[in-house]
Amino acid sequence: MAQQERAIRTRRVILEAAAAIFDERGYESTTIAEVLERAEVTKGALYFHFPSKGDLARGVLDAAVTTDGVRPQALKLQEMIDIMLLLAYRLPREPMLSAALRMAIDLQSRRQFGTAWPDWIELLTGILRDAKGRGEVLPHVDEAEIARMLVCTWTGVRVVSEGLPGSCDLPREVAVLLQILLPAVATPTVLPRIEVSAARAAHLYDDMPAWRAESARAEAVGLTH
């Protein structure tokens, strides 16, 4: 078990090092030598987990689709909002996420590796379907269409706001976007019960250490049964 845990940690360290350099310099300009130096691992360890630089890129993209830190809520729509708010808070702080977005909007990287956008659309579509089954979503809403628009507009807010004068408060910008879009999705009785704010994004982020600790304990219990 200890060996397996070390292998998981080593893989994560390598992936985080690669993501940081991808985020700083772009995929094409990154070298394996730089990743080795940043991760402080041997070439054998790196190639054991990632046989090529392309595998590193795919690993970063796979890690970008995450619901870490999002707890179950009484409303499925609130869970979806929490995913999008928390991602907005994490992205400027976590190279793994910002590197995935940088590769997704780079034409050459996108042609080589695709993007995580289809996975995000699938994830949000599933949540919207669950929410509609609970009566939280308006009957005429096409879940896949709304999920696609949410991913498109979320990404657009990030890309455009980053290029505008002044500092970019991504959680606030995403909260405004969701406040505008939600009335077209949520039923009138559910809409007032959904919390959408940059403050909630910060709260979710601050809660992540506790969420991770609880998840680790639950996983450990599961492994012993």
Side-chain angles (χ1 to χ4, degrees), residues 6-70 80 83-128 143-164 168 170-171 173-174 177:
R6 283 196 299 272
I8 292 171
R9 284 197 299 270
T10 299
R11 186 184 189 280
R12 184 70 183 183
V13 165
I14 294 168
L15 204 57
E16 288 178 346
I21 304 172
F22 291 163
D23 195 35
E24 294 163 10
R25 297 164 48 80
Y27 171 79
E28 291 298 329
S29 299
T30 298
T31 66
I32 290 294
E34 289 172 317
V35 177
L36 289 171
E37 182 178 359
R38 183 77 61 97
E40 298 182 339
V41 298
T42 65
K43 187 178 292 187
L46 188 150
Y47 283 122
F48 174 80
H49 293 283
F50 301 98
S52 70
K53 191 171 78 166
D55 290 310
L56 283 168
R58 294 181 189 94
V60 170
L61 289 170
D62 289 343
V65 182
T66 173
T67 59
D68 285 1
V70 176
M80 184 184 76
I83 290 169
M84 300 179 77
L85 288 174
L86 183 55
L87 183 67
Y89 203 94
R90 292 175 62 190
L91 191 140
R93 295 165 173 81
E94 298 183 24
M96 187 79 71
L97 299 175
S98 53
L101 181 58
R102 175 169 179 161
M103 286 192 293
I105 61 178
D106 178 80
L107 181 58
Q108 189 168 356
S109 294
R110 191 163 69 238
R111 284 173 174 168
Q112 281 184 271
F113 308 113
T115 72
W117 293 329
D119 296 322
W120 275 115
I121 292 170
E122 182 180 359
L123 173 66
L124 298 185
T125 298
I127 296 174
L128 284 164
E143 301 93 334
E145 184 177 83
I146 291 296
R148 186 169 65 252
M149 288 302 100
L150 286 170
V151 172
C152 289
T153 51
W154 193 105
T155 305
V157 165
R158 168 58 177 174
V159 173
V160 174
S161 61
E162 192 176 33
L164 294 175
C168 169
L170 187 60
E173 298 291 332
V174 168
L177 168 70

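Side chains are part of it too, since the values below use all heavy atoms of this structure and drop only hydrogens, waters and symmetry mates. The residues of the chain are indexed from 1 along the displayed sequence.
Between the CG atom of L36 and the OG1 atom of T42 there is a distance of 8.0 Å, given to the nearest 0.5 Å. Between L61 atom CG and M96 atom CE the span is 10.5 Å, to the nearest 0.5 Å. Summarising the geometry, atom CG belonging to L56 is positioned 9.5 Å from atom OG1 belonging to T30; distances are rounded to the nearest 0.5 Å. Taken to the nearest 0.5 Å, the CD1 atom of I21 stands 9.0 Å off from the CD1 atom of I32. Taken to the nearest 0.5 Å, the CD atom of Q112 stands 8.0 Å off from the CZ atom of R58.
For P95 against A20, the heavy-atom pair with the smallest separation is CB-CA, 3.7 Å. Nearest heavy atom pair, residue T155 against residue V151, reads OG1-O, 2.8 Å. L150 and T153 make their closest contact through O-OG1, 3.2 Å (heavy atoms, listed as atom of the first residue, atom of the second, distance). The heavy-atom pair separating A88 from P92 by the smallest distance is O-CD, 3.1 Å. In plain terms, the two heavy atoms of E143 and L128 that are nearest each other are O-CD1, 3.5 Å. In terms of heavy-atom proximity, A100 sits nearest to V60 at N-CG1, 3.9 Å.
With sequence neighbours left out, the side-chain contact (heavy atoms from CB on, under 4.5 Å) criterion links F48 to no other residue. Legend: residues meeting side-chain hydrogen bond (donor to acceptor under 3.5 Å, both in side chains) with S52, ordered by chain and number and at least two apart, are D55. By the side-chain hydrogen bond (donor to acceptor under 3.5 Å, both in side chains) test, R38 is found to be paired with E24, residues two or more places apart in sequence or in another chain being considered. Considering only residues two or more places apart in sequence or on other chains, Y27 meets the ring-ring contact (aromatic ring centres under 6.0 Å, His included) condition with F22, F113. Taking the side-chain hydrogen bond (donor to acceptor under 3.5 Å, both in side chains) definition, one finds that R90 meets it with E94, sequence neighbours left out.
The environment of CD in E122 is sparse: at most 12 heavy-atom neighbours from other residues, nucleotides or ligands sit within 6.0 Å. Crowding of R93 atom CZ: a count of heavy atoms from other residues, nucleotides or ligands under 6.0 Å exceeding 12.
Here the side chains of D119 and L123 are not in contact, with every heavy-atom distance at 4.5 Å or above. Between T66 and L97, the closest side-chain pair of non-hydrogen atoms falls below 4.5 Å. Counting heavy atoms from C-beta on, the side chains of L101 and L91 come closer than 4.5 Å. No side-chain heavy atom of Y89 sits less than 4.5 Å from a side-chain heavy atom of L170. Taking 4.5 Å as the limit, some side-chain heavy atom of W120 sits within range of a side-chain heavy atom of L87.
Within the 3.5 Å criterion, the main-chain N or O of A33 finds no donor-acceptor partner in the side chain of K43. Between the side chain of R158 and the backbone N or O of W154 there is no donor-acceptor pair closer than 3.5 Å. T67 contributes no side-chain N or O that, together with a main-chain N or O of V70, makes up a donor-acceptor pair within less than 3.5 Å. Within the 3.5 Å criterion, the main-chain N or O of D106 finds no donor-acceptor partner in the side chain of S109.
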**OP:** Show your reasoning for whether side chain to side chain contact (heavy atoms under 4.5 Å, CB included) applies to R110 and M103.
**Re:** CA-CA 6 Å; R110 191 163 69 238; M103 286 192 293; over 6 Å; no
**OP:** Go through the steps to decide whether E34 and R25 satisfy the test salt bridge (charged side-chain N to carboxylate O under 4.0 Å, His left out), and finish with yes or no.
**Re:** CA-CA 11 Å; E34 289 172 317; R25 297 164 48 80; 3.3 Å; yes
For residues 10-18, run the donor-acceptor check on the side chains, cut-off 3.5 Å, and write out each pair with its distance to 0.1 Å, sequence neighbours left out.
| unit_1 | atom_1 | unit_2 | atom_2 | d |
| --- | --- | --- | --- | --- |
| T10 | OG1 | R6 | O | 2.9 |
| R12 | NE | E16 | OE2 | 3.0 |

